[in-house]
There are 2 protein chains.
Amino acid sequence: MTGSSNKAEPHRRTRRDHATETAEDYVEAVAEIISERETCRLVDLAKYFAVSHVTANRIVARLQKEGLLQTEPYQPIELTPQGKRLADRCRQRHEIVYRFLLSLGIDKKTAAIDAEGIEHHVSPKTLRKLEQWAKQSK
Amino acid sequence: MTGSSNKAEPHRRTRRDHATETAEDYVEAVAEIISERETCRLVDLAKYFAVSHVTANRIVARLQKEGLLQTEPYQPIELTPQGKRLADRCRQRHEIVYRFLLSLGIDKKTAAIDAEGIEHHVSPKTLRKLEQWAKQSK
DNA sequence: ACAGAAGTTTAGCCCGTGCTACAATTTGGT
DNA sequence: ACCAAATTGTAGCACGGGCTAAACTTCTGT
Ligand SMILES: [Mn+2]
Ligand SMILES: [Mn+2]
Ligand SMILES: [Mn+2]
Ligand SMILES: [Mn+2]
């Protein structure tokens, strides 16, 4: 038995979620920025996440190595097909969580903050329930 | 204006949540283990989180420095008053999130996994709504 | 009493993500 | 064309949290 009544598994899963969280937020941000201002530059990401451009730069480099982003020196940042797919999935999931919180009666600002952290820890099963729920309560 | 319609603030908050997440999970675990087997040893924590005993050791040391845990070389691990208060708050919050997921119709295992990650990102406002909701839907 | 098992500590490594300071490149205005 | 500003890149630091290996202490059974 690998799982059963183990206390450890939830923590393993949470750690795994955290490991992919940055990638998810970055592809989502790149997609959003591109859709808003045509091109996504490093500065845009740094501002978006309120981190230094150095931090953003290293994360972009890593995500490029992982096949999610594409860029060349001093050039704008683009999404690979794989990155685009991930961004879509994340945007949808993010929106479902956000709208669910709104449907609960939370104010927009709080909902935005909570959703930003919660989204990465919502399983597909739970996501479907949240979606049903937000719809039904309308 | 510090906030207004800023994209950055949710990410700042999520990073802050992550910084306190380990502390929250550890004091909660120590409290739970003590209530179950009298004393909490390093091995217990290592098993609980599925982490090497070395990792657990360093985290315990840090949390002791921060005033949440108390221990002496080769001795069991205890909670300081401050740690106890934090553990209580976290257990309550954790349970509310967990029970809410159950009330949504999620199976226990999935609910346990999702709750473990979600709990740290739920604001007091949202927590109150989740609590109301889980109660009402019973 | 004492050897071996169990538990704990320490040393030393890796990786991710945060930073400042500084260098290099590109862009824009005159 | 050229200088200055904006942008991007690089060097080098910190910290948290993951690991293995090896030393040390404590517990246990004979
Ligand atoms: Mn997010
Ligand atoms: Mn998270
Ligand atoms: Mn918890
Ligand atoms: Mn947790």
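Chain identifiers are assigned alphabetically (A, B, ...) following the order of the sequence lines, protein sequences preceding nucleic acid strands; residue numbering begins at 1 within each chain. Since we're looking at a predicted model, the values are computed, not measured.
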Within the structure, does a side-chain N or O atom of N57(B) lie under 4.0 Å from either OP1 or OP2 of dT9(C)? yes
Any side-chain heavy-atom pair from K7(B) and K47(A) closer than 4.5 angstrom? no
Taking the side chain as every heavy atom from C-beta outward, state whether R12(B) and N6(B) have any atom pair closer than 4.5 Å. yes
With side chains defined as the heavy atoms from C-beta onward, is the minimum distance between E32(B) and E28(B) less than 4.5 Å? no
Starting at atom CD1 of I59(A), determine the distance to atom P of dG16(C), rounded to an integer number of angstrom. 10 Å
Close side-chain approach of T14(A) to I113(B), heavy-atom, < 4.5 Å: no
Give me, pair by pair, the N or O atoms of the protein and of nucleotides 20-25 of chain C that are less than 3.5 Å apart, along with how far apart they are.
| residue | atom | partner | partner atom | Å |
| --- | --- | --- | --- | --- |
| dT25(C) | O4' | Y74(A) | OH | 3.1 |

Y48(A) atom OH is separated from dT7(D) atom P, nearest whole Å, by 19 Å
Quick one: Y26(A) OH to dT17(C) C1', roughly how many Å, whole number? 9 Å
Which whole-number value in Å describes the distance from F49(B) CZ to dG18(D) P? 9 Å
With a cut-off of 6.0 Å (strictly less than), are more than 12 heavy atoms of other residues, nucleotides or ligands near CD of E72(B)? no
Send over the distance from D25(A) CG to dG16(C) C1', rounded to a whole Å. 15 Å
Between dT17(C) and R62(A), is there an OP1 or OP2 to side-chain N/O distance shorter than 4.0 Å? yes
dT17(C) phosphate, OP1 or OP2: any side-chain N/O from T55(A) under 4.0 angstrom? no
side-chain N/O R58(B) vs dG16(D) OP1/OP2, d < 4.0 Å: no
For DNA chain C, whose closest nucleotide is more 5', that of K47(B) or that of A50(A)? K47(B)
When you compare the side chain of E119(A) with that of E24(A), does any pair of heavy atoms fall below 4.5 Å? no
Is there a path of hydrophobic side-chain contacts, each under 4.5 Å between heavy atoms of I, L, V, M, F, W or Y residues, that connects V60(B) with V54(B)? no
Tell me which residues in residues 36-45 of chain A lie within less than 4.0 Å of DNA chain D, going by non-hydrogen atoms. R41(A), L42(A), V43(A)
Hey, what do you get for CZ (R13(A)) to NE2 (H121(A)), rounding to the nearest 0.5 Å? 9.5 Å
May I have the distance from R15(B) (atom CZ) to dG17(D) (atom P), rounded to whole angstrom? 16 Å
Just how far, in rounded Å, is P of dT17(C) from CZ of R12(B)? 18 Å
State, yes or no, whether a side-chain contact exists between W133(B) and S103(B) at a heavy-atom distance under 4.5 Å. no
